[in-house]
Amino acid sequence: MDDPNPDNHGEFFDQFLDDYYVECDEHLVSIRRSLVTLEDEVDAGAIDRALLDNLFRSFHTLKGISGMVGLGEAEQLAHHLESYLRELREGSLSLSAPGFEALVAGVSLLESVINARRNDQAIPSIHEAVGRLQTISSGPESAVAPAKRDSSTNESTRIRWQVEFTPTAELAERGVNVNSVRSRLQELGQLVQAKPVVKGAGEIAFEFIVVTDADEKDFTGLEADGLTFKPAPIEQAPVTGRQSVPTIAPASVVRVDLDRLDELMRIIGELVTSRTRLDDQLTDLKRVAPPALWRSLQETSLTVGRQLRDLRESVMRVRMVQIGEIFERMSFVVRDLARESGKKIIVQLSGGETEIDKFLVERMMDPLLHLVRNAVSHGLETVAEREAQRKRTEGTLSLGAMTAGERIVIKIADDGRGIDRNLVLERATAKGLNPGDAEIDDGALLDLICTPGFSTRDEADRESGRGVGMDVVKKAIEELGGRISLATNIGEGTTFTIELPLTLAIAEALIVSVNGQRFAVPQSAVREVLEVESASTRVLENNEIISYRGKVLPLLRLARVFEMDDQRGANFHVLVLGEETNAVGLAVDRILGQREIVVRAIKDPLAQSKGIAGATELGDQRVVLILDIGALRHLATTSRH
Amino acid sequence: LPLCPHDLAKSQRKCVSAEVSDKLKTNNILVVDDSPTMRRMVITSLGALGKVKSTQAGSGLEAIERLAIEPVDLMVLDLNMPDMHGMEVIGFVRSHQAYRDIPIVVLTTKGEETSRTEALAAGANRYLTKPFDPRQLADVVGSLLNAS
């Protein structure tokens, strides 16, 4: 059919843009993962075929869907990347270092092009990258055709099993299908063949060949699902060409818009609030209700509470993504920086499977990038410097993650030169920051370098930090309810440790009162709670202090921060916030209890106030403000000077 | 996207799909592509045909499993897929009595190694390329369903 205007489908395909970006992200993640593995194969002469197939297919799909949404630059770029991969796959080219660089550069640009479209920015030019890929594809380096590594070699001691699966609608309803069977077989051993066959009566079956150490009894569990198995006939033809070896298992995964999960979390939050209200009402009821009835009501309420927690945890799990994805991004940034600066760097990743809330991951991207860039530009030395110090030529940058209870811990460590305290002190003094006595520990050092406007190297910082300073890093982490700490030794390296809550929406909090007004303090920020006699406080240089564990703890009166009447009783409570020497005591009148609170941000700029992070609703439907501990600590430290 | 609105009727062209969909019982179209976005695009385009039901498969093997489980009236088939290439799917379908009459529309990315001639020789009924025109796809599918 003749379409008078071939471009008028644009609007039609616009409705798929969100799907498009999601799928692009998935492929880019998978591509980056493959490239990390592929890097070891540069000049190796033999490349894992499955790896090339995966890469090829990702580029192919990106090309196809980019064409559909009319993003021609991405389509073309993906096309050239695909072509290069095809040559590698067919063995007409071997993977050279320049080839790999062109591939990496092409992928980065592809990502920029897609992001530019997503953010309505000007699409970067792809001319140079395409030229580079073309040069490499047609270059003279194809002298040696690589021998393809046969990934199914070492199978002499293993047995080949032939498994047959006949799909039916009933099995499919039970979730037993060609994909699930294949995944199960892949767990047993290496799947070397998966092909459909038609049996006598015209019914379809699938024949799998598995090479495995597993013995017969491992297969018996499969019989219940209509699978039959027997040792495979020896004369099986080797798997070649298009006869495909299964590589990926597109498991039953659904994509969900984060907004929808937020909505779900909001509803759960309301349930939590209602439960709290129920609890309060139960307490009132205790005096008048018959004890037996009251106890059974109480029990039901407790059960509901437990079930709510389970529900909340399940939804939280849905929001979790593996942190490995951003670690891989970081390792690409390091590659680029290392090449630009001529440093040799080995990146070590660990705990990539650690899960973290999707929202947190996105917020942590820039701070992590900044720390990684800092480690490369300031922390790690050049090859010459390292050799002079008899250190290994290659610097090591390690990124690790782990969960610890309700928190996730991320470590960024380098084995570089460490932070020079004297230099920082000099700098601080020059900037008029008055760092105080000469001996500063890691915590105080961190506070200094996180002071707005502080930077030991303005020039390099601009390059390495891209406009984000350490102050912004610290603020971002604290806004997420997390904290950052530092350990550094001259000549040995620097480690930044970031602790974050697993999720944001619901938190444990202490409810405190000041002057009859209630506030919620995120429990994760509180190290200890003290009861203090008013008479035991002292005033030093206009600061109120108490002694705490043999040291001095500066007090911050919440009543004074919020300019309320400072009525003092004989006793008050102090919440100890922050680490060791940087600790601050938050003075409040009373501690009312511990509650699970639903955090709601205050979005109205008129209602925003320094020291307040958000609001929550307790059982009695009154709004309680949540304190912004990061900002309060900042207030405390600045008011000291 | 309305497939056959009044403005199209104004042109002399006959509105094939509307006629077709009037006559049809609900047809089951199997959409095979490893990209979920692409599958949604295809299914949404086919929605213009009215009385059709779409079934999806993300790989060649899955496509053949669908054939075993439910009657399929037509396949829209991508070529370059994991597990089993589209050409293998065509080969399988055409060589077995029970399925050999199922019309197959190959929908593949421009510049694919497999040429139109190869795909048609293997037994594909039509060969379309991506980026595709949603109306053209619906028309091609509609007329194949009408003919079978």
Side-chain angles (χ1 to χ4, degrees), chain A residues 1-4 6 9 11-13 15-16 18-20 22-24 26-27 53-54 56-57 60-70 75 79 82-83 86 165-169 171-172 177-179 182 194-198 201-206 242-248 250 255, chain B residues 1 11 13 16 33-42 44-45 48 57-70 78-89 91-93 95-99 107-114 129-136 138-140:
Chain A
M1 106 184 202
D2 290 322
D3 196 323
H9 320 301
E11 268 172 45
F12 174 75
F13 288 115
Q15 62 178 301
F16 300 104
D18 284 342
D19 291 285
Y20 168 73
V22 170
E23 196 169 337
C24 285
E26 285 172 2
H27 282 288
D53 282 347
N54 271 344
F56 178 82
R57 200 167 304 109
H60 184 79
T61 303
L62 285 176
K63 171 170 100 173
I65 56 180
S66 298
M68 294 301 295
V69 298
E75 184 187 10
H79 170 73
E82 180 198 12
S83 303
R86 178 178 298 132
F165 166 64
T166 311
T168 64
L171 285 173
N177 54 43
V178 68
N179 283 335
R182 186 184 49 184
K195 72 167 191 195
V197 289
V198 169
E203 76 182 351
I204 287 179
F206 293 96
R242 258 184 202 156
Q243 180 69 49
S244 21
V245 179
T247 47
I248 52 160
R255 299 169 183 175
Chain B
L1 181 97
S11 71
R13 220 171 51 78
V16 184
D33 200 305
D34 55 335
S35 157
T37 308
M38 198 61 87
R39 291 201 297 272
R40 273 202 59 200
M41 289 173 171
V42 171
T44 310
S45 306
S59 74
L61 285 182
E62 264 183 64
I64 287 170
E65 180 172 53
R66 290 328 302 181
L67 291 181
I69 292 173
E70 58 190 299
D78 182 27
L79 289 184
N80 202 314
M81 288 182 297
D83 271 2
M84 193 176 175
H85 195 275
M87 288 295 282
E88 288 176 81
V89 177
F92 180 90
V93 170
S95 61
H96 293 100
Q97 188 62 46
Y99 314 105
L107 184 60
T108 187
T109 309
K110 226 180 255 173
E112 168 68 39
E113 300 114 287
T114 316
T129 54
K130 301 178 225 176
F132 67 86
D133 171 345
R135 269 188 286 185
Q136 187 191 12
D139 277 357
V140 164

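First the proteins, then the strands, lettered A, B, ... as listed; each starts at 1.
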Legend entry - Structural part of B:Thr129 lying under 4.5 Å from a heavy atom of chain A: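 Nothing of B:Thr129, per the 4.5 Å heavy-atom cut-off to chain A.
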What part of [X] is in contact with chain B, defined as an atom under 4.5 angstrom from a non-hydrogen atom: side chain, backbone, both or neither?
X        : value
A:Glu75  : side chain
A:Thr61  : side chain
A:Phe206 : side chain
A:Val22  : neither

Testing the basics here: between [X] and [Y], what is the closest heavy-atom pair and its distance to 0.1 Å?
X        : Y        : result
A:Ala172 : B:Ile69  : CB-CD1, 3.6 Å
A:Glu23  : B:Ser35  : OE2-OG, 2.7 Å
A:Met68  : B:Pro131 : SD-CA, 3.3 Å
B:Phe92  : A:Val198 : CZ-CG2, 3.5 Å

Legend entry - Sole residue of A:Asn179, A:Asn177, A:Leu171, A:Ile204 in side chain to side chain contact (heavy atoms under 4.5 Å, CB included) with B:Glu65: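 Passing option: A:Asn177.
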To the closest 0.5 Å, what do you measure between [atom1] ([X]) and [atom2] ([Y])?
X       : Y       : atom1 : atom2 : result
B:Met41 : A:Gln15 : CE    : CD    : 8.5 Å
A:Phe13 : B:Thr44 : CZ    : OG1   : 9.0 Å
B:Asp34 : A:His60 : CG    : NE2   : 7.5 Å

Inset, instruction - Heavy atoms only, distances under 4.5 angstrom: which of A:Gly70, A:Ser83, A:Ala169, A:Ser66 has the most pairs with chain B? Name it, please. - result: A:Ala169
Inset, instruction - For A:Asp19, enumerate each residue passing the salt bridge (charged side-chain N to carboxylate O under 4.0 Å, His left out) test, keeping only those at least two apart in sequence or located in another chain. - result: B:Arg40
